[in-house]
**Q** 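The structure that follows is given in the form of C-alpha cells.
What you see is a predicted model, and the numbers here were worked out from it, not measured in a lab. Whatever order the structure lists ligands and atoms in, that order sets their numbers, starting from 1.
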Amino acid sequence: MRAIWITKSGGPKALQVREAADPQPEPGEVRVRVAAAGLCFADVMATQGLYPDAPKPPCVVGYEVAGVVDALGQGVAGPAVGSRVLALTHFGGHADLVCVAAQRVLEIPTGMSFEQAAAVPVNYLTAYHMLFRVANVRPGERLLLHMAAGGIGIAVLQLSRTVEGLTVFGTASAAKHDVLRNEGCAHPIDYHTADYAAEVRRVTGGMGVDVVLDPLGGRDWRKGLKLLRPGGRLVAFGFANLASGQRRHPFRIATQLLGVPRITPLQLMDHNRAISGVNIGHLWGEVAMLRDELKAVLALWEADTVKPRIDAVYPFAEAAAAQRRILNRQNVGKVVLTP
Ligand SMILES: NC(=O)c1ccc[n+]([C@@H]2O[C@H](COP(=O)([O-])OP(=O)(O)OC[C@H]3O[C@@H](n4cnc5c(N)ncnc54)[C@H](OP(=O)(O)O)[C@@H]3O)[C@@H](O)[C@H]2O)c1
C-alpha cells in the first residue's frame with residue numbers, strides 16, 4: 001500500500017509518499033480501498049508538530065476516507081465486499097488501503113461521489129454535534145462562526161439553514177464572502193480589515209450573539225465570551241491561532257496560550273453564559289452517538305439539504321501543496337486527497 005508519511009515535524013516539506021506491505025483486517029475490522037481521503041486542519045497542524053493528539057513522527061495521519069470495502073476481518077457480517085463506504089479512521093487515513101472497525105464504517109448513498117463522502121465525516125459530524133447537541137441552537141437566534149469558509153464553516157452554514165430564522169455572522173477573508181452569502185451567511189466579516197467584535201456589536205445594536213463557534217482559540221475565546229448575550233453559549237473547538245504560516249512560531253504560541261480566558265463557574269453563573277468544548281477525536285468511543293449523527297447528516301444529503309463543497313482535490317504525491325493551500329488560507333470548503 002501507499003501512504004503519506006509525516007517524516008518529522010517540519011511542515012509540508014516533511015511529507016513523503018512511501019510504500020509498505022498491505023494491511024490485513026483484524027477480527028471485527030473492514031478493509032477499505034481508499035478512493036478519497038479528507039485533509040483536516042488537524043492534519044496540517046500535526047505536520048507542524050502542533051497537534052498533541054497525533055502520533056509521533058514518522059506517522060500517517062488522516063481521520064476520514066471514502067472507498068470500497070475489499071476485505072472483511074473475522075466475525076464481520078458487513079458492509080459487504082464491494083460496498084461504497086465512508087469511514088472514520090483514528091489516524092492512518094492518508095493511505096490507499098485502511099483497516100478500520102466495522103462500526104466506524106457506513107455505506108454512502110447512491111449518487112454521492114467519493115470526494116464528497118470523504119468530506120463528510122469530520123466536518124459534518126463536528127458541525128452537527130456542535131449545533132444540535134452542544135449549542136442546541138434555537139430558531140431566531142444569532143450565531144458567530146469563525147473560519148466560516150473552511151470545511152467545517154461551510155458545513156455549519158448549510159446545517160444552520162435547517163433552523164428557522166438563525167442569523168449567522170461568519171469571519172473569513174473578503175474574497176470568500178460571495179460564497180458565504182450563497183451558503184446562507186447573513187453577515188460575512190473580513191477579520192483582516194475589521195474588528196469582528198465591533199462589527200457584530202454594530203449590526204446587533206450592541207446586543208451580541210447567542211452562540212459563538214470558535215476554532216481560533218486564545219484571545220478570540222476571550223472576545224467571543226464578551227459578545228455573548230445572557231443565555232449565550234461559546235463552543236471552543238480548535239486552536240488554529242497556534243498555526244501561522246509554514247512553521248512553528250514559539251512567541252506567537254506563548255502569546256496565544258496566555259490569552260486563554262481563565263473563568264470560574266461563579267463568573268459563568270453570574271453572567272448566564274456557558275462554555276463548552278467539542279473534540280470529535282476524543283468522542284471516538286461514543287460509536288452509537290457518532291453513527292446516529294452521521295446517519296442524520298447522510299439523510300440531509302439525500303434530502304438535498306447539505307452538499308459538501310469540495311475546494312480542491314490533490315493526488316497523494318502533491319500532499320504538500322494541499323497542506324499549503326490551507327496554510328495560505330486559499331481554500332473555500334474541503335481539501336481532498338486521492339491515491
Ligand atoms: N474539535 C473538533 O472536533 C474539530 C474537528 C475538525 C476541525 N476542528 C478545527 O476546526 C477548525 C476549522 O477546520 P477546517 O478543517 O474547517 O479548516 P479548513 O477547511 O482547513 O479552513 C482553513 C481556513 O481557515 C481560515 N483560517 C483562519 N485562521 C487560520 C489560521 N491560523 N491558519 C490557517 N487558516 C486559517 C482560512 O480562511 P480565511 O482566510 O477565510 O480565514 C483558511 O482558508 C480548525 O481549527 C480545526 O482544528 C475541530
**Q** Ring centres of Phe132 and Tyr128 under 6.0 Å apart?
**A**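 Ring centres of Tyr128 and Phe132 closer than 6.0 Å.
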**Q** How does Ile326 reach ligand 1, if at all, at less than 4.0 Å between non-hydrogen atoms: by side chain, backbone, both, or neither?
**A**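 Within the 4.0 Å criterion, Ile326 contacts ligand 1 through backbone and side-chain atoms alike.
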**Q** Does the distance from a Lys or Arg side-chain N to an Asp or Glu carboxylate O, for Glu29 and Arg104, drop under 4.0 Å?
**A**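 Here Glu29 does not pair with Arg104 in a salt bridge, since their nearest N and O are not under 4.0 Å apart.
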**Q** Could you walk me through whether Gln158 and Tyr124 pass the side chain to side chain donor-acceptor pair (under 3.5 Å) test, one step at a time?
**A** CA-CA 10 Å; Gln158 293 180 356; Tyr124 283 83; 2.6 Å; yes
**Q** For ligand 1, which is the ligand I care about here, please tell me if Met45 has any N or O atom under 3.5 Å from one of the ligand's N or O atoms.
**A**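 N/O-N/O distance under 3.5 Å: no.
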**Q** Should you measure from each heavy atom of Val122, which atoms of ligand 1 turn up under 4.0 Å away?
**A**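 Those atoms are 5 (C), 6 (C).
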**Q** Under the ring pair (Phe, Tyr, Trp, His ring centres under 6.0 Å) definition, can you give me all pairs with a residue in residues 56-82, not counting sequence neighbours?
**A**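 For residues 56-82, and leaving out neighbouring residues, the ring pair (Phe, Tyr, Trp, His ring centres under 6.0 Å) pairs sorted by first residue read Tyr63-His90, Tyr63-Phe91, Tyr63-Trp284.
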**Q** Are Tyr196 and His146 an aromatic pair, judged by ring center distance below 6.0 Å?
**A**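 Close enough - the centres of the two rings lie under 6.0 Å apart.
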**Q** For ligand 1, which atoms, with element, lie under 4.0 Å from some heavy atom of Ile152?
**A**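 Near Ile152, the atoms of ligand 1 are 5 (C), 6 (C), 7 (C), 8 (N), 10 (O), 16 (O).
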**Q** Identify, by atom number and element, the atoms of ligand 1 in contact range of Tyr191, meaning under 4.0 Å from any of its heavy atoms.
**A**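 Result: 27 (C), 38 (P), 39 (O), 41 (O).
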**Q** Answer yes when Asp214 and Lys223 have at least one side-chain N-carboxylate O distance shorter than 4.0 Å, and no when they do not.
**A**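 Lys223 and Asp214: not salt-bridged.
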**Q** Got a salt bridge between Asp292 and Lys295, using NZ or NE/NH1/NH2 to carboxylate O under 4.0 Å?
**A**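 Salt bridge between Asp292 and Lys295, a charged N being under 4.0 Å from a carboxylate O: no.
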**Q** Do any nitrogen or oxygen atoms of Cys40 come within less than 3.5 Å of a nitrogen or oxygen of ligand 1?
**A**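 Not met; the criterion fails.
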**Q** Return a yes/no value for Leu216: is any of its N or O atoms, backbone included, closer than 3.5 angstrom to an N or O of ligand 1?
**A**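 Min N/O separation from ligand 1 is not below 3.5 Å for Leu216.
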**Q** Thr126 heavy atoms, cut-off 4.0 Å: which ligand 1 atoms fall inside?
**A**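 Selected atoms, number and element: 2 (C), 3 (O), 4 (C), 5 (C).
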**Q** Can the positive tip of Arg142 be found less than 6.0 Å from the middle of the six-membered ring of Phe169, inside 45° of the ring normal?
**A**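 No, cation not above the ring by the 6.0 Å, 45° rule.
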**Q** Is the shortest N/O to N/O distance between Val278 and ligand 1 below 3.5 Å?
**A**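 Yes; the residue has a nitrogen or oxygen that sits under 3.5 Å from a nitrogen or oxygen of the ligand.
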**Q** Could you tell me whether Lys176 approaches ligand 1 through its side chain, its backbone, both or neither, with non-hydrogen atoms closer than 4.0 Å?
**A**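 It is the side chain that touches ligand 1; the backbone stays farther off.
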**Q** State the atoms of ligand 1, each with its element, that fall below the 4.0 Å cut-off from a heavy-atom position in Ile280.
**A**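 By the 4.0 Å cutoff, the relevant atoms are 2 (C), 3 (O).
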**Q** Would Ser83 and Val68 count as a side chain to side chain contact (heavy atoms under 4.5 Å, CB included) if you check the C-alpha gap in whole Å, the side-chain angles of each, and the deciding distance to 0.1 Å?
**A** CA-CA 6 Å; Ser83 306; Val68 175; over 6 Å; no
**Q** When you look for heavy atoms under 4.0 Å from ligand 1, do you find them on the side chain of Asn331, its backbone, both, or neither?
**A**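 Both parts.
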**Q** Quick one: which of Ser173, Gly150, Gly238, Gly333 has a heavy atom closest to atom 21 (O) of ligand 1?
**A**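 Selected option, by shortest heavy-atom distance: Gly150.
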